[in-house]
Amino acid sequence: MIKTLNVGLGERSYPIHIGSGILPLLGQSLKAVSFPRRVAVLTNPTVGHLYAAQVLEGLRAADFAATDILIPDGEEYKTLETLQGVFDALIAQGFDRGCGILALGGGVVGDLAGFAAAVYLRGVPFAQVPTTLLAQVDSSVGGKTGVNHRLGKNLIGAFYQPRLVHIDVDTLTTLPEREFRAGLAEVVKYGVIRDADFFAWLEQQGCELLVLKPEALIKAVGISCQIKADIVEVDEKEGGLRAILNYGHTLGHAVELLSGYGSVRHGEAVAMGMVAAAALAADLGLAGDKDRRRIEDLLRALHLPVRLPRHAPEAYLEALMRDKKVKEGSLNLILNRGIGACEVRKVADPARTLLPVLERFQEDLPA
Ligand code: NAD
Ligand code: GLY
């Protein structure tokens with residue numbers, strides 16, 4: 001079974017194919033979008049070891065001239081320096097304007113490969129073959145590409161849409177369990193901000209995701225991608241609506257910053273941030289405390305952390321005020337309205353509003 005969605009962006013529209021065991025159909029999918037016949041497959045040694053041979057063989061069998069280019073594995077390599085090495089390889093191997101770049105890997109490979117495609121020879125076609133749950137439900141869709149700067153994450157980049165997203169959920173069987181669970185936080189996020197029925201389905205069938213049941217994975221990845229596509233179609237460059245995808249992320253980013261990047265997975269920090277956001281929504285009367293409890297129970301059932309690591313509340317506030325969403329001392333927070341809807345709320349006095357939540361939702365304290 002293959003589920004196909006469309007991201008409708010006029011002449012930059014593209015399909016997302018989702019299925020189980022569909023990696024061998026990649027060549028066919030690329031042909032259908034008239035992808036260039038010369039393809040640089042960007043991957044890392046971990047994913048390359050598992051899937052590059054199969055992908056390269058499949059592409060060659062479908063008459064593509066495909067070569068792999070490896071970048072080191074890890075967020076710390078999502079840099080301009082690594083990008084320079086990719087350009088060196090592309091130029092040395094004579095990749096010209098008639099080539100395309102394909103990302104095979106998680107969000108790090110996808111973000112860097114997309115940015116390489118956006119700027120190499122002023123732009124060459126790009127395709128995404130995401131292999132982490134986070135990349136399948138979030139980073140491969142929507143065209144945010146880029147690299148980190150030593151002073152901050154994702155500071156250098158471009159909006160550049162792929163021509164194709166090809167998702168084989170079977171690749172998740174090799175993903176470390178912790179990475180898989182971290183991706184589930186983003187799946188829960190879609191239910192909270194946009195789809196109460198999906199949230200209820202996750203409450204009932206989430207256990208099928210934990211055992212990697214393909215039908216359940218295809219459904220969850222499909223609904224997540226559809227929600228993201230709907231939002232990106234309305235607001236491609238984050239002028240407004242797209243910001244709701246950052247639900248749970250403002251506090252999540254503060255957790256990552258205070259804990260040291262790498263010690264907490266992004267999705268884990270988002271899970272903690274969602275519970276705190278839901279508590280704040282309840283304090284402000286946008287949702288009931290029973291909604292916060294449902295969100296927390298679901299995240300717990302998916303083995304995600306639901307309490308903020310202990311740091312001084314002032315440290316949290318300082319980290320929050322450095323967030324991109326702070327304007328003139330006010331913090332724009334994404335808050336859930338019940339479950340299945342959300343809104344952006346301007347918080348004029350972050351210290352007064354947030355401190356009670358920070359105090360109640362730190363580790364080891366009763367909720
Ligand atoms: P990642 O790319 O670092 O992958 C996590 C780990 O899993 C890596 O070690 C990777 O090699 C390994 N891996 C990947 N697929 C595997 C598989 N199938 N089997 C075994 N191992 C596998 O991390 P991620 O969580 O996928 O992505 C995080 C990145 O995504 C961050 O840089 C973040 O900024 C970015 N991001 C981008 C967007 C966007 O819209 N562009 C959205 C969210 C996150
Ligand atoms: N991951 C948030 C976005 O794509 O906008």
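Remember, it's 1-based here, ligands and their atoms both numbered in the order they're listed. Reckoned from all heavy atoms, side chains included, excluding hydrogens, waters and symmetry mates.
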Task: side chain to side chain contact (heavy atoms under 4.5 Å, CB included) between Tyr14 and Val141, intermediate numbers included - done: CA-CA 10 Å; Tyr14 53 95; Val141 175; 4.3 Å; yes

Task: Intermediate values then yes/no, side chain to side chain contact (heavy atoms under 4.5 Å, CB included), Val129 and Leu23 - done: CA-CA 9 Å; Val129 181; Leu23 215 45; 3.8 Å; yes

Open item on the list: Between Ile193 and Asn336, is there a side-chain heavy-atom distance shorter than 4.5 Å?
Closed with: no

- [ ] Do me a favour and list the nearest non-hydrogen protein atom to atom 31 (C) of ligand 1 with residue, atom name and distance?
- [x] Glu75 OE1, 3.1 Å

Open item on the list: Polar contacts were defined as any N/O atom of the residue lying under 3.5 Å from an N/O atom of the ligand; does this apply to Val47 and ligand 1?
Closed with: no

Open item on the list: Salt bridge check, Arg360 against Asp283: does any charged N sit closer than 4.0 Å to a carboxylate O?
Closed with: yes

Open item on the list: Any heavy-atom pair between the side chains of Asp63 and Arg37 that's under 4.5 Å?
Closed with: yes

- [ ] Return the residue, atom name and 0.1 Å-rounded distance of the protein heavy atom closest to atom 15 (N) of ligand 1.
- [x] Thr131 OG1, 2.7 Å

- [ ] Please examine the side chains of Lys189 and Leu245, heavy atoms only from C-beta on, and report whether any two atoms are closer than 4.5 Å.
- [x] yes

- [ ] State if His266 counts as touching ligand 1 under the rule of any non-hydrogen atom under 4.0 Å.
- [x] no

- [ ] Within a distance under 4.0 Å of any heavy atom of Thr174, pick out the atoms of ligand 1 and give their elements.
- [x] 17 (C), 18 (N), 19 (N), 20 (C)

Open item on the list: Could you work out, for atom 35 (C) of ligand 1, the closest of Asp111, Val137, Asn154 by heavy-atom distance?
Closed with: Asp111

Open item on the list: Check Lys219 with Glu208, please: is the shortest side-chain N to carboxylate O separation under 4.0 Å?
Closed with: no

Open item on the list: Which option wins on minimum heavy-atom distance to atom 9 (O) of ligand 1: Leu50, Leu104, Asp73?
Closed with: Asp73

Task: Contact atoms of ligand 1, heavy-atom distance to Glu179 under 4.0 Å - done: 5 (C), 6 (C)

Open item on the list: My understanding is that only residues two or more places apart in sequence, or in another chain, count here; which of them pass side chain to side chain contact (heavy atoms under 4.5 Å, CB included) with Pro305?
Closed with: Glu268, Met272

Open item on the list: In terms of relative ring orientation, are Tyr160 and Phe126 parallel, tilted or perpendicular, with 30° and 60° separating the classes?
Closed with: parallel

Task: Atoms in ligand 1 with a heavy atom of Tyr51 nearer than 4.0 Å - done: 18 (N)

Open item on the list: At less than 4.0 angstrom from any non-hydrogen atom of Lys153, what atoms of ligand 1 do you find?
Closed with: 34 (O)

Task: Steps toward side chain to side chain contact (heavy atoms under 4.5 Å, CB included) verdict (Val275, Arg292) - done: CA-CA 6 Å; Val275 174; Arg292 190 266 306 162; 4.1 Å; yes

Task: Protein heavy-atom partner closest to atom 24 (P) of ligand 1 - residue, atom, separation in Å - done: Gly107 N, 3.6 Å

Open item on the list: Is it the case that ligand 1 has an N or O less than 3.5 angstrom from some N or O of Arg242?
Closed with: no

Task: Proximal atoms of ligand 1 relative to Gly106 (non-hydrogen, under 4.0 Å) - done: 2 (O), 26 (O)

TODO: If you have a sec, work out which protein heavy atom is nearest atom 16 (C) of ligand 1 and how many Å separate them, to one decimal?
DONE: Leu175 CD1, 3.5 Å

Task: Close-range residues for ligand 2, whose non-hydrogen atoms fall below the 4.0 Å threshold - done: Asp138, Lys144, Lys228, Glu238, Arg242, Leu245

Open item on the list: Side chains of Thr171 and Val47, heavy atoms from C-beta outward: is any pair under 4.5 Å?
Closed with: no

Open item on the list: For atom 38 (C) of ligand 1, what's the nearest protein heavy-atom neighbour? Residue, atom name and distance, please.
Closed with: Ser139 CB, 3.2 Å

Open item on the list: Tell me whether the rings of His253 and His249 are parallel (<30°), tilted (30 to 60°) or perpendicular (>60°).
Closed with: perpendicular

Open item on the list: Does the residue Pro176 have a heavy-atom contact with ligand 1, meaning some pair of atoms that are separated by less than 4.0 Å?
Closed with: yes

Open item on the list: Quick check: is Leu280 connected to Leu299 through a chain of hydrophobic side chains (ILVMFWY, heavy atoms under 4.5 Å apart)?
Closed with: yes

Task: Distance from atom 1 (P) of ligand 1 to nearest protein heavy atom, with residue and atom - done: Val108 CG2, 3.9 Å

Task: Pair Thr43-Tyr51, side-chain donor/acceptor within less than 3.5 Å - done: no

Task: Electrostatic pair Arg293-Asp297, nearest N-O below 4.0 angstrom - done: no

- [ ] Taking only heavy atoms of Asp138 into account, list the atoms of ligand 1 that are under 4.0 Å away from them.
- [x] 42 (C), 43 (C)

Task: Shortest protein heavy-atom distance from atom 34 (O) of ligand 1, along with the residue and atom involved - done: Lys78 NZ, 3.1 Å

TODO: Record the part of Asn44 in heavy-atom contact with ligand 1 below 4.0 Å; permitted values are side chain, backbone, both and neither.
DONE: side chain

- [ ] Could you check which of Thr132, Val141, Leu134, Thr171 puts a non-hydrogen atom nearest to atom 26 (O) of ligand 1?
- [x] Thr132

- [ ] For atom 25 (O) of ligand 1, grab the closest protein heavy atom and report residue, atom and distance to one decimal in Å.
- [x] Arg265 NH2, 3.5 Å

Task: Glu296/Arg307 ion pair, N-O < 4.0 Å - done: yes

Open item on the list: If the contact criterion is a heavy-atom separation under 4.0 Å, does Lys228 count as touching ligand 1?
Closed with: yes

Task: Single-linkage hydrophobic cluster Val119~Ile71, side-chain heavy atoms < 4.5 angstrom - done: yes

